[in-house]
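Down below is the structure, laid out as structure tokens.
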Amino acid sequence: MQRFLDSLNEPQRNAVTLPAQHALILAGAGSGKTRVLTTRIAWLIATGQASPQGVLAVTFTNKAAREMNTRLAAMLPISTRGMWIGTFHGLCNRMLRAHHRDAALPQTFQILDSADQLGAIKRMCKRLGVDDERYPPRNIQYFVNSAKEQGLRAPDVEVVDDINRHYVELYAEYDAQCQREGVVDFAELLLRSFELLGRNQLLREHYQARFRHILVDEFQDTNVLQYRWLKLLAGTDNAIFAVGDDDQSIYAFRGANVGNMAAFEREFQVRNLIKLEQNYRSHGHILDCANRLIRNNESRLGKNLWTDAGEGEPVRVYEAMSDALEARWLVEEVRSLVAEGGMRSDIAVLYRSNAQSRVIEHALVAQGIPYRVYGGLRFFERAEIKHALAYLRLIANPHDDGAFLRVVNFPARGIGARSLEALGDVAASAGCSLRDACASLGGAAGSRLSTFIGLIDGLATETRELPLPALIEQVVQRSGLRQHYENEREGEERLENLRELVNAAVAFLAEEGIGQDVPANAGVAIADVPADGLLAAAGDGVDVLDAAGPDGARSTPLAEFLGHASLAAGENQAGEGADALQLMTVHSAKGLEFRVVFMTGLEEGLFPHENSSAEPGGLEEERRLMYVAITRARERLYLSYSQTRMLHGQTRYGLKSRFIDELPPESLKWLTPRGTGRMGTWHDATGWPARSVPAGSGSPATRDRGTGLRIGQAVEHARFGEGVVMEIEGRGDDARAQINFGPSGIKWLALSVAKLTPL
DNA sequence: GCCGGGCTAATTTTT
DNA sequence: TTAGCCCGGC
């Protein structure tokens, strides 16, 4: 243990060895926060202050949880399997499975991912005849999730107007439907677990007595409900060790509440506040840029990163004529970096929004440079996988209407929309599941439905003795999925994915320590969780910790695997291993680091994004996002922007981002003449200087109209500052121009009045 | 049930 | 520009 402590710097070591009290660790980017977190756990266990069972460590992503597990296992000669290290959702899932009865859930309750949830809402709207113009399912989904993330049930939501009242009704209706079908959405996992602990004193006290140490990663990303959940588990005696960085809070838009950091400090009277400011990642100029930029934010707890790695290279800034030229320059730069012996996988290309990747990909393809785009469809989200999982879900829980509808006619069984509508009516009036409504339907439709039910029931009974992988094989075969994709022209990849699903099940069982020959539907005890009922039976004075009995705390490998599929979603993309350039949004780059980083598209309106200015605190969140981007780079950082960009099918004329102006000039090296502003020659959208002025709208000459202005021209205004002409309308005295003044906004100015100086 | 034309909207996203 | 969605026609 000592050797791990010795390898830490002083603040890190202080944090790791804090007494068992609440602590807030402000961990700057690249300051070794994961290291501190895992060493803290190891230290608590090694010094006998905590048992592995007595620690709860919570993260946001599966990746972070896995990382923590691996590092911990490397430090201590213990198995981390039984430990409560996981994501908020994963841990809540675990708790709800163990106490499904107390939580009023079926033993094999299933988890809806976002797409499933939206589907469930659409189904509800159809059933209730909701006008989806006035109440778009997307908005209902947003409404429900935000309410749940605040810890509010439908009756708790304050009704402010009629529209709002409808949303509340739909929320209640949606929850009722989920309850009927035995499914829970992501936010429900949290809320249900929170309510369970709040209502069940015995259970609450049990977990409070167990988890003397609660460690939280990325604390700045917690939402209101997660904070309250932690608070509940902490009780009065347990110590919360929260690690976070308010400067990297970039998820306010999805409910994250940075305010939790200040609230934690206040409400828990935190006396141990430690700042980790030594950065082990980036060279000096890069850090200087990050520090100077983030200083412009008013609301922050205050930190300043430093390094002893030396100044390093200056940050390179490039101004391109067009987005295509920006991409072309980038590709050339990458080529020379690779020619010098650099790895492509060490280089990241970042952008604010996904749409920006297109033009870059185009240039990369043209030059034959391998690349990988992050984001997109994940393994368990693929259609064929979702289909197979739906069959499995029906086996686990026949009343899952979402799963029923997904596969009742896939592969096609002649059960069309009409039949399903009739079936839906029967189910609605009888208040039963679609499956149970099938018996009431006669005729051809009825018999086809019976056949389908027979298939599901047959699979359920005949596979009772089969282990999970074999069950999946059977399902893929008997459902007709395999044959369906064999007949499809491009079904080979889908078949490959279905085979991969079987492998995923094998891997899952191995990871969970479930025997490969345990029948998929047999009860499996969840490691040392007190069982439903057992707690009550154990009553007072009995140590329930080891009471995991044969009865209650059992789930089935199938249900567990389905939960895993919803929560883990799998890798974004295949193609690992190859040395490829990494393309991603700034958001998805959080937590990663690269030797070289290209931050592209640094233009007003794009980054900071124009929509952000409307939201309170929006600009500061954009700035934190830029801070995240800068601090991803270890050795070399490029910043680039373009004078013109194709956006929504139109050429937009932008200004360089204010964020570039906020950086220390002495740390920058301009690759193009500094702040050149506009060039005299017109370049078309492909980035090539036009040999002749192209005809048609958008070309400068056709818009001049004797105003002396061109589109794309830089001008200066006494009040608004520097701007770019975006549009010109009318002629003579009526002529007016739309000008993008960047920070001052986009204005229409009458040219006869406005005093504009061409730059 | 499937295909294609027309319409619309267009940050960021993990679980 | 383009991707996703809905509706009408076969």
Side-chain angles (χ1 to χ4, degrees), chain A residues 58-65 86-94 111-118 122 132-133 136-138 141-142 145 148-149 184-191 193 217-218 221-223 225-226 249-256 323-324 350-359 362 374-376 378 380-381 409-420 563-572 584-591 601 603 605-615 618 621-622 624-626 628-629 645-652 685 698:
Chain A
V58 63
T59 64
F60 275 88
T61 64
N62 293 302
K63 197 175 162 199
T87 62
F88 278 101
H89 296 85
L91 297 179
C92 289
N93 178 39
R94 192 163 172 179
I111 301 167
L112 303 182
D113 66 23
S114 308
D116 297 333
Q117 184 189 32
L118 187 61
K122 284 182 177 163
D132 59 6
E133 299 269 294
R138 286 231 164 256
Q141 182 179 32
Y142 177 80
N145 289 339
K148 288 187 180 183
E149 282 161 12
V184 297
D185 57 53
F186 287 138
E188 183 72 21
L189 284 171
L190 260 302
L191 183 53
S193 162
D217 189 19
E218 305 276 17
D221 286 339
T222 51
N223 63 34
L225 179 57
Q226 286 158 342
S249 161
I250 56 172
Y251 285 114
F253 72 92
R254 67 173 196 212
D323 49 356
L350 308 185
Y351 33 80
R352 171 68 239 263
S353 62
N354 287 304
Q356 290 167 250
S357 76
R358 176 180 301 274
V359 60
H362 189 78
Y374 279 69
R378 329 250 305 261
F380 286 107
E381 291 167 356
N409 199 35
F410 192 93
R413 301 189 171 87
I415 301 169
R418 288 167 291 106
S419 315
L420 290 177
H564 166 78
S566 298
L567 290 175
E571 289 302 316
N572 264 329
M584 66 192 83
T585 63
V586 184
H587 279 94
S588 35
K590 188 177 164 214
E603 292 136 45
L606 248 194
F607 199 7
H609 197 279
E610 51 203 342
N611 295 1
S612 70
S613 58
E615 288 149 33
E621 178 140 323
E622 293 289 301
R624 290 192 291 270
L625 197 51
M626 179 70 181
V628 167
R645 181 171 299 275
M646 281 301 266
L647 208 64
H648 307 333
Q650 282 186 316
T651 308
R652 285 255 308 228

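These numbers come from the heavy atoms of this one structure, side chains and all, not from hydrogens, waters or symmetry mates. Order of the sequence lines sets the chain letters (A, B, ...), proteins ahead of strands, with each chain counted from 1.
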**OP:** For nucleotides 6-13 of chain B, just jot down a letter per nucleotide in 5' to 3' order: B, S or -, based on protein non-hydrogen atoms under 4.0 Å.
**Re:** ----BBBB
**OP:** Rounded off to whole Å, could you give me the NZ-to-P distance for the A:Lys590 and B:dT15 pair?
**Re:** 12 Å
**OP:** Could you tell me the separation between the CZ atom of A:Phe410 and the C1' atom of B:dG1, rounded to a whole number of Å?
**Re:** 13 Å
Original post:
Taking only residues two or more places apart in sequence or in another chain, which ones pass salt bridge (charged side-chain N to carboxylate O under 4.0 Å, His left out) with A:Glu622?
Top reply: A:Arg352
Original post:
Should A:Asn145 be listed as having a side-chain N or O under 4.0 Å from OP1 or OP2 of B:dT15?
Top reply: no
Subject >> For atom OH of A:Tyr374 and atom C1' of B:dT14, their distance in whole Å >> reply: 16 Å
Original post:
In chain order, what residues pass the side-chain hydrogen bond (donor to acceptor under 3.5 Å, both in side chains) check against A:Ser612, with sequence neighbours excluded?
Top reply: none
**OP:** May I ask you to evaluate whether A:Asn62 reaches the phosphate of B:dT14, defined as a side-chain N or O under 4.0 Å from OP1 or OP2?
**Re:** no
For nucleotides 4-10 of chain C, which of its nitrogen or oxygen atoms have a protein nitrogen or oxygen under 3.5 Å away, and what is each distance?
none

**OP:** Could you pull out all residues at least two apart from A:Ser588 that satisfy side-chain hydrogen bond (donor to acceptor under 3.5 Å, both in side chains)?
**Re:** A:Thr585
**OP:** Sticking with atom P, work out how far C:dC5 lies from B:dT12, rounded to a whole angstrom.
**Re:** 16 Å
Subject >> Any residue meeting side-chain hydrogen bond (donor to acceptor under 3.5 Å, both in side chains) with A:Gln117, in chain and number order, not counting sequence neighbours >> reply: A:Gln141, A:Asn145, A:Tyr174, A:Asp185
**OP:** Please name all residues satisfying ring pair (Phe, Tyr, Trp, His ring centres under 6.0 Å) with A:His587, sequence neighbours left out, ordered by chain then number.
**Re:** A:Tyr251, A:Phe253
Original post:
Heavy atoms under 4.0 Å, any strand shown: does A:Ile415 hit a base, just sugar-phosphate, or nothing?
Top reply: sugar-phosphate
Original post:
Ion pair present between A:Arg254 and A:Asp221, side-chain N to carboxylate O less than 4.0 angstrom?
Top reply: no
**OP:** Using side-chain hydrogen bond (donor to acceptor under 3.5 Å, both in side chains) as the criterion, list what pairs up with A:Glu188, not counting sequence neighbours.
**Re:** A:Lys148, A:Arg153, A:Arg192
**OP:** Taking atom C1' in both C:dA3 and B:dT14, compute the distance separating them and give it to the nearest angstrom.
**Re:** 23 Å
Subject >> Residue list, side chain to side chain contact (heavy atoms under 4.5 Å, CB included) with A:Ala355, at least two apart or on another chain >> reply: none
